[in-house]
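First the proteins, then the strands, lettered A, B, ... as listed; each starts at 1. All figures in this text were calculated on a predicted structure; none of them were measured in a lab.
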2 protein chains.
Amino acid sequence: MTDGPSGADEPSCVQPGAGIGFLISQLGYVISTRFRAILAPLGLEPRHFLVLRHIARAEGSSQQALGQALHIPASRMVGLVDTLEQRGLVERRANPRDRRARALHLTEEGRRMLEEAWRIALGHERAVTAGLTGEERDQLFSLLRRLAFARELVPGVHPALADEE
Amino acid sequence: MTDGPSGADEPSCVQPGAGIGFLISQLGYVISTRFRAILAPLGLEPRHFLVLRHIARAEGSSQQALGQALHIPASRMVGLVDTLEQRGLVERRANPRDRRARALHLTEEGRRMLEEAWRIALGHERAVTAGLTGEERDQLFSLLRRLAFARELVPGVHPALADEE
DNA sequence: ATACATCGTTCCGCACCGTAACGATTAGAG
DNA sequence: CTCTAATCGTTACGGTGCGGAACGATGTAT
């Protein structure tokens, strides 16, 4: 009894510890860890990358809106934007429409940093599937997308940043 | 410029936020979160399951050996085994060969619990790939295993329990 | 016999996260 | 216009989990 409950005649891919679920969980962890590592030299973490990216897409957003889109609680956004502002990547401008809110904008430096981070992310994406042919990569991508769709995952929003629902 | 650096003519599957890497990272998170949730009614967490499983495979192991195999620091093993012992699932027996070490054994209750957890894990594995045909599941499994192999992942050992290196 | 390594344990500081308050500002009701 | 409720950003606080460092007990080597 070293590999499961006694008389289990399951297909080999359905085995806790070696099955698809565990495999994806393992891979997901090492991949995101690796991404964090190759992003570190820029002084950025994955969440910073996501925030920068979202600001670039919707310049002038409030912190609230940003937090809502990325499922990040407001209290956390503060420190996040603080960091990015201190590094001169993001500006908190006044919003003439609503003096409570801050309009977030990328600085020139921020734009450069985002492009650099993007280049690194692209290299990372390629590294992930190194060893797969183009056709295999497409297959894998298609299969994973179906799993993600079945779980209603939102592209670009990492669920680790927003547990509750 | 809402979707990447200006002139990037990359294949669509290579896009941070929507690429294979991010997809696996997303899926890995929700899958392990889900697994934690369906295991909770037993009063167990995923790590407890892994520990129980390993003890079953190598009854009489020391905590040290167990921690080394699963890449869990010794100081954490204590609390882990404490919990399992308090629930009557594991026994710390004396080791006549070495009075420093504790020989870990499953109780009858522990064995029952492990089987139950295993059943739940199997159901989870099936749920993960629900919506895929058998052939697709095999394809996916094969592709993921190649990625895992390329990254030297050890079956049954989740890297989240061992960051360093 | 002495010095060093190993096992399990406890202790402590670190980092992180989310809730609950708070002042400032805005929107809505009367 | 006034008063009240909601919203935005911020700060403070408590809870949690993790791993390194030290410790006593025991084993091993010289």
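Put simply, the side chain of B/Ser32 gets close to the backbone of B/Gly28: a donor and an acceptor are under 3.5 Å apart. For the pair A/Arg36 (side chain) and A/Glu45 (backbone), a donor-acceptor distance under 3.5 Å is absent. Checking side-chain atoms of A/Ser62 against main-chain N and O of A/Ala101 turns up no donor-acceptor pair under 3.5 Å.
For the OP1/OP2 pair of D/dG9 and a distance below 4.0 Å, the side-chain nitrogens and oxygens of A/Arg102 include no atom meeting the criterion. Look at A/Arg76 and you won't find any side-chain N or O under 4.0 angstrom from OP1 or OP2 of D/dT11. OP1 or OP2 of C/dC7 has not a single side-chain nitrogen or oxygen of B/Gln63 nearer than 4.0 Å. The phosphate of C/dC17 (OP1 or OP2) has a side-chain N or O of A/Arg47 nearer than 4.0 angstrom.
Each end of the helix from C/dA1-D/dT30 to C/dG30-D/dC1 gets its own axis from five base pairs, and the two axes differ in direction by 10°, given to 10 degrees.
One can place CG of B/Leu70 at 13 Å from P of D/dG19, the figure rounded to the nearest angstrom. Protein atom CZ of A/Arg36 is 14 Å distant from nucleotide atom P of C/dA15, rounded to whole Å. One interatomic measurement links the two molecules: CE of A/Met77 to P of D/dT7, which rounds to 19 Å at whole-angstrom precision. Summarising the geometry, the separation between CG on B/Leu104 and P on C/dC7 is reported as 13 Å, rounded to the nearest angstrom. Atom-to-atom, CD1 of A/Ile72 to C1' of D/dC8 comes out at 16 Å; the value is rounded to the nearest Å. One interatomic measurement links the two molecules: CG of A/Leu80 to P of D/dT10, which rounds to 12 Å at whole-angstrom precision.
Salt bridge annotation for A/Arg119-A/Glu116: present, with a cationic side-chain nitrogen under 4.0 angstrom from a carboxylate oxygen. Taking a cutoff of 4.0 Å between a charged side-chain nitrogen and a carboxylate oxygen, B/Glu109 and B/Arg87 do not qualify as a salt bridge. A salt bridge between A/Arg137 and A/Glu125 is absent, with no side-chain N of the basic residue lying under 4.0 Å from a carboxylate O of the acidic one. With salt bridges taken as basic N to acidic carboxylate O contacts below 4.0 Å, one links B/Arg111 and B/Glu59.
Both B/Leu42 and B/Leu80 belong to a single network of hydrophobic side chains, linked directly or stepwise wherever heavy atoms of I, L, V, M, F, W or Y lie under 4.5 Å apart.
Using a 4.0 Å heavy-atom distance criterion, A/Ala101 is classed as a sugar-phosphate-only contact.
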Once base and sugar-phosphate atoms are separated, protein heavy atoms under 4.0 Å mark nucleotides 21-30 of chain D, 5' to 3', with B, S and - as ----BBS---

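The side chain of A/Gln64 sits closest to D/dC8 out of D/dC8, D/dT11, C/dG8.
Looking only at side-chain heavy atoms (C-beta outward), B/Leu143 and B/Leu147 stay at 4.5 Å or farther from each other.
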